[in-house]
Number of protein chains: 2
Amino acid sequence: MKTKGETRASDVHTRMRDDILSCELKPGEKLRFEGLKDRYDVSFSTLREALARLSAESLVVSEGQRGFVVAPVSVADLEDLTNARVLLEREVLRLSMEYGDDKWEADILASYHRMDRLQSRLGAHYYFDEEWARLHGAFHRSLVCACKSPVLLDMRLHLFDRANRYRRMSSQFRTKWRPKDVEHKSIMDAVLDREPDALKLIERHIRETTENVIEFAGHLFLQDEAAASVA
Amino acid sequence: MKTKGETRASDVHTRMRDDILSCELKPGEKLRFEGLKDRYDVSFSTLREALARLSAESLVVSEGQRGFVVAPVSVADLEDLTNARVLLEREVLRLSMEYGDDKWEADILASYHRMDRLQSRLGAHYYFDEEWARLHGAFHRSLVCACKSPVLLDMRLHLFDRANRYRRMSSQFRTKWRPKDVEHKSIMDAVLDREPDALKLIERHIRETTENVIEFAGHLFLQDEAAASVA
DNA sequence: CGCGCTTGTTTTTTCGAAATTTTTTTAGTT
DNA sequence: AACTAAAAAAATTTCGAAAAAACAAGCGCG
């Protein structure tokens with residue numbers, strides 16, 4: 001069941017990436033080779049390659065010849081990330097709405113449907129579900145994937161993932177979530193109708209999520225505000 | 001003369017990066033380990049780590065277990081890059097003009113002066129000079145570095161470098177350049193005066209450079225248009 | 001003649017031991 | 001006790017040989 005052209009290093013990179021984004025490897029945690037070798041069952045050099053990749057993605061930071069550390073978190077970083085996301089997301093959405101064709105619209109409806117179905121099946125707890133997070137990501141990607149700009153899409157995905165780490169962190173420390181199912185629906189409708197307001201809706205969606213995360217989990221990563229600014 | 005905390009891998013990464021940006025390693029070129037081992041005088045694993053970093057920066061692309069290739073170039077990629085740059089550059093400039101203080105203004109004047117002095121010393125050929133390119137980059141950075149957004153600055157620099165590769169490519173294939181010295185001066189003045197028009201000026205500056213590159217060197221990389229879109 | 005298979009060659013990828021560097025511990029001096 | 005310096009321990013970084021995979025050439029067969 002191994003995808004063609006997949007190398008051990010790229011596999012470790014993916015797994016490690018997942019572990020960081022899902023906070024199984026905690027922000028600020030020191031990454032010691034001996035431990036990682038056990039955990040992922042590969043050699044030094046292979047690990048090192050994976051870490052180099054992650055470091056270029058700013059999910060881990062490399063400290064000279066003093067090893068690697070999981071990228072720290074801070075309110076300032078989350079806010080910075082949020083502003084950058086708003087800028088990019090608005091632009092790729094705007095372009096998508098301009099260029100999008102029938103297939104694009106169909107894909108949006110399809111991925112919304114998948115997300116929505118799982119959401120009703122899971123009830124109030126959907127917010128903590130891994131699979132839902134995947135479908136949620138796919139839905140948002142489908143909205144903007146017609147923008148014809150690989151460069152912007154790449155950066156957008158990058159920021160999306162980093163922000164997702166914060167969302168998941170916060171989800172570990174709360175038990176309920178007031179469902180805003182309608183929000184996604186209204187965003188989709190506005191996008192499909194090419195309403196200019198769609199840009200405002202997506203911006204509000206992003207900012208509200210951030211505010212929510214800070215409200216619930218902000219105190220958890222207030223301490224290392226300073227550390228994150230070196231990234 | 002080795003900077004503290006610099007590892008062999010990061011050194012190779014930097015050198016290789018320079019070689020790619022300066023087109024000493026040509027776009028699309030296959031990167032064979034045996035050859036690189038000679039060129040940079042390091043071992044397999046160390047090379048591999050540098051390549052992994054570069055690949056995450058999309059300066060090289062990795063082809064499954066078929067090795068690495070210098071990222072190809074294309075008109076489409078350059079145009080995509082240019083649009084993304086305009087978006088980011090306008091934003092960081094806007095923010096810088098809002099937050100910038102006295103020190104920021106002083107730094108701008110200083111780096112403009114350095115660039116301008118070298119420019120007059122070099123005459124019409126300044127455009128081909130490595131050192132001028134560095135000072136030019138520093139000047140543009142100084143304009144925007146007060147924006148208080150590490151995330152945006154990071155992405156901006158990334159795009160700036162990638163676009164610079166195109167500029168340098170084109171400079172290899174022309175002998176003269178109509179100097180537009182006044183342009184930088186007028187941008188600087190507008191920025192320091194907090195004129196909203198500065199955003200338009202910077203946008204035009206970026207787009208004109210791109211048009212110029214395409215006009216002079218576009219035909220050189222028209223062939224691999226398709227290849228670049230996989231990046 | 002084209003197509004698939006086997007074999008030999010080249011290139012990439014992985015491994016773990018050895019070298020280097022940082023961190024911790026210990027001992028000595030003021 | 002506080003502060004340095006030296007030695008030991010621990011961790012990271014590098015290396016090149018060995019394993020694995022891709023590629024190329026030759027061979028047999030329908």
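Convention: sequence-line order gives letters A, B, ...; per-chain numbering from 1. Values reported hereafter were calculated over all heavy atoms of this structure, with side chains retained and with hydrogens, waters and symmetry mates removed.
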Ring pair (Phe, Tyr, Trp, His ring centres under 6.0 Å) partners for [X], two or more places apart:
{"X": "B/Phe139", "value": "B/Tyr112, B/His184"}
{"X": "B/Trp104", "value": "none"}
{"X": "B/His158", "value": "none"}

Nearest to the side chain of [X], heavy atoms from C-beta on, is which of [options]?
{"X": "A/Thr46", "options": "C/dC15, D/dA11, D/dT14", "result": "C/dC15"}
{"X": "A/Arg66", "options": "C/dC15, C/dT23, C/dT12", "result": "C/dT23"}
{"X": "A/Arg8", "options": "D/dA11, C/dT12, C/dT14", "result": "C/dT14"}
{"X": "B/Arg32", "options": "C/dT14, D/dT14, C/dT11", "result": "C/dT11"}

Pair listing, salt bridge (Lys or Arg N to Asp or Glu O under 4.0 Å) test, anchored in residues 19-47 of chain A, at least two apart: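 Checked against salt bridge (Lys or Arg N to Asp or Glu O under 4.0 Å) - neighbours excluded - the pairs reaching residues 19-47 of chain A are A/Asp19-A/Arg39.
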Heavy atoms under 4.0 Å, any strand shown: does B/Leu47 hit a base, just sugar-phosphate, or nothing?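 It contacts nothing in the nucleic acid.
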What residues from residues 9-20 of chain A pass a heavy-atom cutoff of under 4.0 Å to DNA chain C?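 Contacts with DNA chain C under 4.0 Å: A/Ala9.
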Can you pull out the residues from residues 35-45 of chain A that lie within a 4.0 Å heavy-atom distance of DNA chain C?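 Close to the strand are A/Val42, A/Ser43, A/Phe44, A/Ser45.
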For residues B/His13 and B/Glu57, is any side-chain donor paired with an opposing acceptor at under 3.5 Å?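 Present: a donor and an acceptor within the cut-off.
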Do A/Ser149 and B/Asp80 get their side chains close enough for a donor-acceptor pair, meaning under 3.5 Å?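 Distance-only check passes for A/Ser149 and B/Asp80.
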Between D/dT13 atom P and A/Leu31 atom CG, what is the distance in whole Å?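 Atom-to-atom, A/Leu31 to D/dT13, this comes out as 12 Å.
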Indicate yes or no: does B/Arg15 engage B/Asp11 in a salt bridge with an N to O separation below 4.0 Å.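 So B/Arg15 pairs with B/Asp11 through a salt bridge.
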Could you check whether A/Arg53 pairs with A/Glu49 (Lys NZ or Arg NE/NH1/NH2 to Asp/Glu carboxylate O, under 4.0 Å)?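 Between A/Glu49 and A/Arg53 there is a salt bridge, with a charged N closer than 4.0 Å to a carboxylate O.
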